[in-house]
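The structure appears right after this line, and notes come after that.
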Amino acid sequence: MARIDDPPRRGKGICAMRGSCGRTSMFGADLPCPDDGNATEPEEKLRELMTSVCGPSYTLPDSVCCTYDQVATLSDRLQQAAPLIASCPACINNFRSFYCDFTCSPDQSTFLSITSTQRTTEGKDAVKEIDYEVSTKFKQGFYSSCKDVQFGATNGFAMDLIGGGAKNASSFLKYMGDLRPGLGSPFQINFPDNDDSQYNRIPLSCSDSNNINARCACADCPSVCPELPYIAPPSSGKCHVGAVSCLTFSLLIIYSVAILLGITFYSWKQALRHRQRRYERHALLDPPLSPTAASGNTNGLDGMIGRGGDDSESGPSGSIHFRLGRGASLLDPMEHLQPKQNKINAALRRFFYRLGLFCAKQPVVVFGITALVVALLNIGWKSFSVETDPVRLWVSPSSEAAAQKHFFDDNFGPFYRTEQVFITQSESGPLNYDTLDWWLKVESEIGQLESESGITLQDVCFAPAGPGTACVVQSVSAWLGEDLEQWGEDWQSRIKDCASRPGECLPPFGQPIDPKLILGGAEGDWLNAQALVITWVVNNYNDDRVAPAEEWERSLKTYLADLSRPGVTISYSTGISLEEELNKSTNTDVKIVVLSYLVMFLYISLTLGGGLPPYVISAFAHKAWRAIIQLGVLLRIVKSPPIDRSTSSSPSFSLIPTLLSVNSKFSLGLFGIIIVLIAVSTSVGLFSMLGVRVTLIIAEVIPFLVLAVGVDNVFILVHELERQNSLHASQGVNEESQSIDSEGRQLSTGASLSAEERVARAVARMGPSILLSSVTEVVAFAIGALVPMPAVRNFAIYAAGSVFLGAVMQVTVFVSAMTLDLKRAEAMRIDCFPCIRLRPPIGLYDETAPTDEGVVNKFMRTVYAPFLLKKEVKQLVLVAFGGLFLFATIGIQHITLGLDQRLALPAESYLVPYFNALDDYLDVGPPVYFVAQGADVPTRHGQQQLCGRFTTCMDLSVANTLEAERKRPESSFIASPPAAWIDDFLQWTNPTFESCCRVRRRDPTVFCSPRDSERLCKPCFEGEEWDATMNGLPEGADFMRYLKQWLISPTNEECPLGGQAPYSSAVKLGGIGENNETTLVSASHFRTYHTPLKTQNDFIEALNAARRISNDISKKTGVKVYPYSLFYVFFDQYTHIQSTSIQVLSLALLSILGITTILLGSLRTGSIITFVCSLVLLNVMGIMGYWGISLNAISLVNLVISLGIAVEFCSHISRAFMGSGNGLINLDKDQNKKEKDERVFTALVDVGPSVFSGITMTKLIGISVLALTKSKLLEIYYFRMWLTLILMGALHGLILLPILLSYFGGQGYSLEDTDEDWVNSQMRRNQDYEYNPFRDVDQDSIMSD
C-alpha cells in the first residue's frame, strides 16, 4: 500500500480516478487507477454504452472520467442488482445515476477523495479506499426510493439483498460501499457526512406521477397507494365500564335494583301485616256494636263469620271446605269432580300397560325376538371401520374450507410435509461451538438416513430445481455447511452476517432463508437465539405415492427418538406424528374408562336391591348400643343401664343372610348394564352397515354416556315396581306364596295382584315418563348430528342410536327380566343362584314389620320438601338462582373458541413439548395462499387485475390489495409482501436483463438455455418497446409461450427472477388450443405469510381476516379469489360455530318444549321445563368460561347432550307433579296455590329420591372417576363439562323446578286409570305433611305479641 504524498488536483472537470490498474489477486476484480487529470470527451462507442447502462434519466456529460472497460464492468455489476429493483423506476434509475456519477462524472474530484491505494499484480498503484461525499438530500432520497421495493420470490424486500436489510440511508450506503464480493464493492467506499458536498444530483421520487422514469407502482411505493377503508382490529371495539363489560355492568345494576325493590316490597308488606294484626287485636278487645246501629258497622260476630250465603268471604282461607283437609273434597260431589284424565297420558298408559303385560307374561318370546333383531343388526360389524385421518375427522367434507383445500391440492399439489426439530439448551442458548458442531454432524447423518427399503431424504424431499437437485432444508447448516471447523473462530461472525444479509448466504437450493425460520426466540439478537429450528420439506401426495415419504418419516422419527445429548432438549415432529399420536391417545385411558364403568356397576348393584331395610338396621344398631352399655356396666364405666322402653321384638342376626341373598338385585343390575352394552354394540353394527365410520372417541365415551342415561330408567322401573308391591296387598295366601319386599317386610297377606300384573302397572305408570326423557334425549342427540364436523356428527348419530335402542330394550327385555327377578324374590330364591331356595327364619313374620322407609325417602318427605315449600325459602331460592344466572352470564362472555390440538394428545406424547416449542420460539406465521380464478391473464386487462409492480395495474388489484393489507397487520394478520408471480414473470421479460429471458439471435422462436453462450442469444424484447406502463409486454399466445418458458427457467444469481424455484407450482395452466397447447391460466396463487399466531383466537381471526380480504378483492377486481392455508380446514368451523350453536340449541329447546307439552298435556309445565333446561344450559356455558372450556364442535355436542340430560332431571318430577292432581276445578287463588304446593310435595316425595339416587348419584359417581384420566381432552370436555352438567341439572331439577311448578305449574290430572285406584292411592299416601294456612299467621302473631 502507498500513501498519496502530493495532494491531488480538485475542481470541476478534474477526475479523481480512471481506467484499470489490474487486480490484487488472480480472482480479484479490476481496480481503478488514481488519476487527477482532466475529463475527456467520450467516444461514440462509450457514449452508446453509457446510454444503455446509465438509463434514460441520466443526462450524458460532454466529458467523462471513465473508459469503455470501466463502464462495461459497471454494466455487469448493475445487472446483478437490476432484476431486484427494476420494478421501481425511481430506485433503479437512482441506483444507475449514483454509480455512473461515481465512475464517469467529469467533476469526480469535487466529491471523491482517494484516501489510500494498493499495489496490484501488475505493480501499479490502484484505489484501495475512497471517500464518496454524497449530499444528505440524495442519500435520503435514494434510500427512500428503494426501501419499500419488494422481491416477491422471497416474500421480502429488495433492500434485504442490495442493502443488507438497512433501516436508514447511512446503513444502506455503507453496505454497498463495504469491501465485499457479490453486490459489494471491490474496494472500500466510505460515505462521510458533508453538508457542503458538491454532489448535488436531485434524487428521483417514486411518487412522481409526471415522470415515467420515476413513478413506481403501489407495491414498491406506499405513498401512491390508495387508502383502504378502516378496519378495526378484532381486539378493539368492545364496550367496557372499568374492568367489566357493559353487559355485565348492566346486569349487575338490574340485579341489584331488583333485590333492593324486593326488599323494599317485603318490608312494606311486613309493616302492612303488622298494622293489620294490631288492628285485629284492638277489634277483639273492643265491645261489639249493635247490629242495628245506624252506622251499619259490621264489626263483631257478624263481621267475623260473614253475613249471607257467600261462603267465599268466610274466613281467611276463603272456603270452609279448604280447612277440612285434603280428604274433604272426596265427600262433596256437588262442588268437586272426579279425577281428570289426560287423553294422551291415558293412551300412553294403556300402551305401556299392554307392552309391560306382554313382556311380563312372554319373557321367552321377548328374549328370542330381541336376540334375533340384535344378531341381525350386529352383522353390520362386517363393515366396521375406524376413521383416523385428522382432516376427515374434524373437517366437514361439505365445508367451504374443505372444498377449497380439495381445489388447491388438485391444482397446485398438496401442501408439503414438514419434518421439524427444535434444539434448545437449558443453561444457555444452543448457539455455542460444541452444540453447533454436534448438530451439524447429526444433520449430515439425517441427510444420509435410509429407511428399511433404502429410501433416503433425496428420494422424497422437495427440490425446487427438479429431481436430483438440492433439497429444501431450512437450517443454520445452510450458512455454516456441514463442517464448523472451516470457519474457525469466525463462525459467530458468519452467522451474524448471514442473518443480517441472507441474500449473500444462499443455501444449495438457491433461495434466501429468513433468519426467523432457523433461529428461534432471538428477537433480532441472532447470536443469543433461544432455539435452533431445523425444517426438512418433503413432497406430499393424496395417493399411494406418499408411502415412501411416510416410510422415511418413520425412520426419522425413530432416529430422533433415540437422539440425545446432555443438557440439550430435542423437540420434534414428523409428517406422520400427529395422526399416530392422536390415535394413540385413545388407548391411554382404557383403564380409567373401565374403572368408571365398574364403579357405576357396583353402585347400581348395591343400591338397586333392597338390601337391609332401615328398621332392621335400626334394630341391630339398638342391639349393638345396648351391648356397648352392658360392657360399660361390667367395666364399671357406666353406673346402670338405661331403661329399655321399646316393646317391639328385635330381629335375629340370622335374618341378614336371608335378606341380603333374596332381596339383592345384583344380577338384575348386571343385566341392565349388559343391555346398555348390547345397545351400543347394536348401534355400531347398524350405523356401520349404513356407512357411518366410527371414531375412537366413540368407543370410549358412548358406552359411558348410554350407561349413565340408561341406568336412570332401570332405577325408576325398579322403584315403581316396589311401590306397586307395597300398594296391592290382599288377604289369604298359602305358605308357598310368602315373600318379603325390598325392605325385608313380609307382604303380610300376599300380593293381591300377580307378579305380571304388578310389573305391567309399574311399566304403565313409568313408561310415559321414560318415553318423555328418552325421546327428548334422542332428539337432542340427533340435533347434535347437525354439527358438520364428522367426528362430532358420527358421535351424535351413534349416541342417539344407542340411547334409542337402550330405551326400547329397557321397556321390553328388562321388563321381562324384572318379572323373572320378582318371581325369584317372591319364591325366596337366592340372587345369582336362583336354583337355591330359602325358607324365612322362624318367627320372622309373626307380626307385621314396621312401615319404615329409606333414609333418602324419609329425608325428602319430612325435611327437604316441607322446607323448600316455605314461602320465604322459595323467594330466597329465586334470588339465589337469579344471582347464579348473573354469574353464568358473566362467564359466558369469557368463553373462547377453538380446540388446542395438544389436548387431544396423550400427556406424555413427544408432540406436546414440540407444540410448546413451536409457540415459544418460532416467530414466523404460517404461509397463506390467495388463489385467483377466472382472470383472463393473457389479456392486458387480466394482467392488470392481478399485477402490482407496474404503473397501469389496477389500484386495488390482487397484488396491490395484499400489499395494502400487509401494512395493517393488526387487522389483516398478514406480515409479508405477497409473492406476485405475474409481476416477476413480466419483469423477467425486461430486455435490460440480458441473462433472463433470452432467445436465439438467428431464430427468436427458440429460447436459449442457461448454458448457451451470450453471442448466440439476445434478450427476448431487445430493441422493442418495454416500460413500466406495460407497453410492449407480451399478450395472448406470446404471453403463454413466454410463461411456459419462465416456469422452467432456473432461479440463480445471473437471473434471480427465474420462475422454476419459487413459482413452478404457483400457476395452473389450462385450456387446450391448437397442437394441444394450453391457452390460459386457469388458476394461480399469491403467497404471503401470516403474522405469528400463538392462540386459538389468533388462528380464527387470521382466517376471518383472510376471507374478508379475499371477498374485497373479488368485489373490486371481478376475479374470484379465496385464501388457503394449512390450518384453515381445521378452523373453518369457528367462523360459524356461534350461529350454529344458537341454531342447534334453539332447535333443541323447541323440541323439548314440543315434546314435553304434548306428553305432559300442559303448555305451562312444558314451558317451565324448557325454561329450567335453558337455565341449566346457560349455567353450564357460564362454567365453561370460568373453567377454561372452549366452544368447539365437541363442547357444542356436549351442550346439546346437557339439554337432553337436563330433561331427565326435570321430566320425572314434572310428570309426577302433573299426575298428582286431584281433578279439582274452580279453585280460588289461595286454594290453587295450596293445591300446587301439595302436588309439588307429592312429586318430590314420589320421585325425588329416584331422581337423586338413580339419576344424580349414578352419574356423579361414574363421572368422578374420569377425574383420574390423563387425557386432557377427556378431562376438560367430558369430566369438567359433565360434572358441571350433573350438578347444575340436580340443582335446577330438585330446587328451582319445584318452586317454579308451585307458582306457575299447569293443572294436574290423575295417573290412575280408575276411581278405585285413585282413592286407594290417596288414602295410602303418607300424611306427615299437613298444609296449614294459618300456621305462619299464628306464629307471626305469637312473635309479634
Side-chain angles (χ1 to χ4, degrees), residues 415-426 428-432 434-451 456-458 460-462 470-482 484 495 499 507-509 513-522 526 529-540 549-581 901-902 905 908-924 926-927 1092 1126:
F415 195 80
Y416 306 109
R417 305 172 71 89
T418 57
E419 333 296 327
Q420 197 166 54
V421 176
F422 287 86
I423 303 296
T424 57
Q425 202 159 354
S426 55
S428 60
L431 285 182
N432 57 77
D434 292 338
T435 301
L436 283 173
D437 186 56
W438 164 77
W439 176 253
L440 292 178
K441 291 181 172 61
V442 168
E443 193 172 320
S444 178
E445 293 179 4
I446 292 175
Q448 304 301 319
L449 183 67
E450 292 187 6
S451 67
T456 65
L457 174 62
Q458 188 65 51
V460 297
C461 74
F462 169 60
C471 298
V472 174
V473 180
Q474 296 173 337
S475 167
V476 71
S477 64
W479 298 341
L480 298 175
E482 296 182 354
L484 193 60
I495 292 177
F509 60 88
I513 297 179
D514 187 337
K516 294 179 181 179
L517 291 173
I518 60 177
L519 299 176
W526 305 115
Q530 299 300 306
L532 292 177
V533 187
I534 303 92
T535 306
W536 294 267
V537 182
V538 175
N539 286 318
N540 194 15
E550 292 179 343
E551 181 180 332
W552 185 82
E553 287 169 346
R554 291 188 182 92
S555 301
L556 176 63
K557 186 186 72 171
T558 303
Y559 178 88
L560 293 174
D562 297 334
L563 186 65
S564 63
R565 178 177 174 86
V568 173
T569 302
I570 305 170
S571 307
Y572 64 93
S573 170
T574 66
I576 59 172
S577 295
L578 184 60
E579 182 174 343
E580 288 187 351
E581 291 298 294
Q901 54 191 342
R902 282 171 285 198
L905 298 170
E908 67 279 3
S909 171
Y910 65 88
L911 287 183
V912 173
Y914 164 76
F915 284 124
N916 292 335
L918 195 67
D919 285 348
D920 294 339
Y921 303 120
L922 193 61
D923 298 326
V924 179
L1126 192 61

[Y] and [X], any side-chain heavy atoms less than 4.5 Å apart:
| X | Y | result |
| --- | --- | --- |
| Trp439 | Ile534 | yes |
| Asn916 | Arg902 | yes |
| Val476 | Ile495 | yes |
| Leu431 | Leu519 | yes |

Could you grab the distance from atom [atom1] of [X] to atom [atom2] of [Y], nearest 0.5 Å is fine?
| X | Y | atom1 | atom2 | value |
| --- | --- | --- | --- | --- |
| Leu484 | Leu436 | CG | CG | 6.0 Å |
| Trp536 | Gln420 | CH2 | CD | 9.5 Å |
| Leu911 | Gln901 | CG | CD | 8.5 Å |
| Lys516 | Leu922 | NZ | CG | 10.5 Å |
| Glu419 | Leu560 | CD | CG | 9.0 Å |
| Leu578 | Phe915 | CG | CZ | 5.5 Å |

Practice problem: Look at the aromatic rings of Phe422 and Tyr921 and report parallel, tilted or perpendicular, splitting at 30° and 60°. | Solution: tilted

Check whether any side-chain N or O of [X] sits under 3.5 Å from a backbone N or O of [Y] as a donor-acceptor pair, and report yes or no.
| X | Y | answer |
| --- | --- | --- |
| Asn432 | Thr435 | yes |
| Ser475 | Ser477 | yes |
| Trp552 | Leu449 | yes |

Self-check item: Pair Tyr416-Asn539, side chain to side chain contact (heavy atoms under 4.5 Å, CB included): steps then yes or no
Solution: CA-CA 5 Å; Tyr416 306 109; Asn539 286 318; 4.2 Å; yes

Quiz prompt | Worked verdict on Ile518 versus Trp479 for side chain to side chain contact (heavy atoms under 4.5 Å, CB included) | solution = CA-CA 11 Å; Ile518 60 177; Trp479 298 341; 3.6 Å; yes

Practice problem: Looking only at non-hydrogen atoms, find the nearest pair between Pro430 and Ala529 and report the distance. | Solution: CD-O, 3.4 Å

Quiz item: So, for Ile513 and Leu517, which heavy atoms are closest and what is the spacing to 0.1 Å?
Solution: CG2-CB, 4.5 Å

Quiz item: salt bridge (Lys or Arg N to Asp or Glu O under 4.0 Å): which pairs involve residues 553-565, sequence neighbours left out?
Solution: Arg417-Glu553, Arg554-Glu580, Lys557-Glu580

Are side-chain N/O atoms of [X] and [Y] paired as donor and acceptor at under 3.5 Å?
| X | Y | answer |
| --- | --- | --- |
| Asp920 | Gln530 | no |
| Thr456 | Glu450 | no |
| Ser577 | Tyr572 | no |

Practice problem: List for me each residue that meets side chain to side chain contact (heavy atoms under 4.5 Å, CB included) alongside Thr569, sequence neighbours excluded, and say none if there are none. | Solution: Thr424, Ser571

Exercise. I would like to know whether Asp434 and Gln425 meet side chain to side chain contact (heavy atoms under 4.5 Å, CB included); could you show each step before the answer?
Key: CA-CA 12 Å; Asp434 292 338; Gln425 202 159 354; over 6 Å; no

Practice problem: State whether the number of non-hydrogen atoms from other residues, nucleotides or ligands found under 6.0 Å of Glu482 atom CD is greater than 12. | Solution: no

